[in-house]
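All values below come from the heavy atoms of this structure, side chains included, with hydrogens, waters and symmetry mates left out.
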Amino acid sequence: MVKIKQKHIVLLGAPGSGKGTLARKLVNRYGLKHLSTGDMFRKVIAENSPLGQELKAIVATGSLVSDDITNAVVKTELLQLISNHEGFILDGYPRTVAQANFLASIVQPDLVFLIDVEKELAIKRIVGRRVCSKCGATYNIYFKKPKIDNVCDCDGEFLIQRKDDDRTTISKRFDLYQQVTSKLITYYHGTNKLYRIDANNGIEAILDTVIKIIEQN
């Protein structure tokens, strides 16, 4: 593990851009904490609270979660990490200028990476995704097939497709993301902390580029 000073990193990118994969590799290299809005939302949904039920309905339609709800979910996780003086990678947050301002009121990010991806490639990455129902290992029927169809290589358990990983929902989420985040990209461009990364390259090329930027800053 490479030791770097505490970093607060934001990863921007449409669904299917590879933010999650990149974040996990950076976590393994630097020991930073990974905060994914998708994971946090699924945790709240699993609790089946009134907020969880509201989130479940929003996610099922492919709509973006409101700023107020998103901020409330993220704030708790952020404050705990900051109080422990831990660096982190924010994956999927912020998505609007209002969320960026809310984040700035808590902590200023050191680096912001915009992971650019073509729509059709993003859709194939998500629609083709399969997850082990036991260990959580991830596969893709287009890019990373298991040795046996729909069976995990690690433990032989069946692979599942998340309910919200269908083409119609993903296409809608991608278009909404592009519309909503155009102003956010302009916002971060003005901070001189934004770096645009081509996600149509392989993950190792993306990782090498990001690592160089992190270690030069």
Side-chain angles (χ1 to χ4, degrees), residues 8-21 23-24 27 32-84 86-109 112 122-123 125-127 129-138 157-184 187-188:
H8 301 144
I9 297 172
V10 168
L11 297 183
L12 303 178
S17 62
K19 298 189 304 300
T21 300
R24 285 189 291 273
V27 165
L32 302 170
K33 298 297 183 180
H34 178 201
L35 292 181
S36 162
T37 50
D39 290 342
M40 286 185 280
F41 288 162
R42 281 186 283 274
K43 178 182 176 182
V44 173
I45 289 171
E47 294 170 353
N48 203 33
S49 63
L51 177 59
Q53 293 174 11
E54 184 177 358
L55 267 174
K56 183 177 181 180
I58 294 170
V59 171
T61 64
S63 301
L64 292 179
V65 181
S66 71
D67 290 340
D68 288 344
I69 293 176
T70 303
N71 290 340
V73 172
V74 172
K75 181 178 180 179
T76 301
E77 302 283 348
L78 275 180
L79 290 179
Q80 182 175 352
L81 292 177
I82 292 169
S83 67
N84 292 333
E86 295 183 81
F88 56 78
I89 299 173
L90 271 172
D91 167 8
Y93 180 92
R95 287 189 174 180
T96 66
V97 173
Q99 289 178 10
N101 284 325
F102 183 82
L103 173 62
S105 72
I106 300 173
V107 63
Q108 288 284 359
V112 180
I123 290 174
R125 284 177 175 174
I126 297 180
V127 172
R129 181 168 57 194
R130 300 294 184 272
V131 181
C132 177
S133 55
K134 182 177 181 180
C135 72
T138 303
E157 292 293 326
F158 285 111
L159 304 179
I160 60 174
Q161 182 182 30
R162 292 173 182 161
K163 291 182 180 180
D164 54 338
D165 281 358
D166 66 276
R167 175 173 286 270
T168 300
T169 300
I170 296 307
S171 179
K172 182 178 179 181
R173 284 175 57 200
F174 188 98
D175 292 342
L176 276 172
Y177 180 89
Q178 298 291 73
Q179 294 169 17
V180 170
T181 58
S182 59
K183 293 181 179 179
L184 178 63
Y187 171 94
Y188 275 126

Testing the basics here: between [X] and [Y], what is the closest heavy-atom pair and its distance to 0.1 Å?
X	Y	result
I160	S133	CG2-CB, 4.3 Å
C132	E157	SG-CB, 3.8 Å
G52	I45	O-CG1, 3.6 Å
P109	V10	CB-CG2, 3.7 Å
I126	G16	CD1-N, 3.3 Å
A23	I89	O-CD1, 3.9 Å

(request) Identify, with sequence neighbours excluded, every residue that meets ring pair (Phe, Tyr, Trp, His ring centres under 6.0 Å) alongside F174. (result)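 Partners of F174 by the ring pair (Phe, Tyr, Trp, His ring centres under 6.0 Å) criterion come out as none, since no residue qualifies.
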
Apply side-chain hydrogen bond (donor to acceptor under 3.5 Å, both in side chains) to [X] and list each qualifying residue two or more places apart in sequence or on a separate chain.
X	answer
S171	K119
Y187	N101
R173	none

side-chain contact (heavy atoms from CB on, under 4.5 Å) partners of [X], counting only residues at least two apart:
X	answer
R162	R42, R129, V131, D164, D165
E77	L35, M40, K43
V180	L64, T96
L79	K75, I106

Interatomic distance, [X] atom [atom1] to [Y] atom [atom2] [nearest 0.5 angstrom]:
X	Y	atom1	atom2	answer
D67	Q99	CG	CD	4.5 Å
F41	T70	CZ	OG1	3.5 Å
L159	T138	CG	OG1	9.5 Å
L176	T181	CG	OG1	10.0 Å
S17	L11	OG	CG	8.5 Å
Q80	L78	CD	CG	10.5 Å

Is any side-chain heavy atom of [X] less than 4.5 Å from a side-chain heavy atom of [Y]?
X	Y	value
N71	Y93	yes
Y177	L12	yes
L90	L103	yes
L55	V65	yes

(request) Dump the intermediate steps for side-chain contact (heavy atoms from CB on, under 4.5 Å) on L51 and V73, then the final yes or no. (result) CA-CA 10 Å; L51 177 59; V73 172; 4.3 Å; yes

(message) Using a 6.0 Å cut-off, check whether atom CD of Q53 has over 12 heavy atoms from anything other than its own residue.
(response) yes

(message) For Q179, is there any backbone N or O sitting under 3.5 Å from a side-chain donor or acceptor partner on S182?
(response)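 Side chain of S182 to backbone of Q179, a donor-acceptor pair under 3.5 Å: yes, one is there.
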
What pairs with [X] under salt bridge (Lys or Arg N to Asp or Glu O under 4.0 Å), at least two apart in sequence or on another chain?
X	answer
D166	none
K33	E86
R24	none

(request) Determine which pairs satisfy salt bridge (Lys or Arg N to Asp or Glu O under 4.0 Å) with at least one residue from residues 47-59, sequence neighbours left out, and list them in order. (result)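 Pairs touching residues 47-59 that pass the test: none.
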
(message) So that I know where these two stand, are F88 and H34 an aromatic pair - ring centroids less than 6.0 Å apart?
(response) no

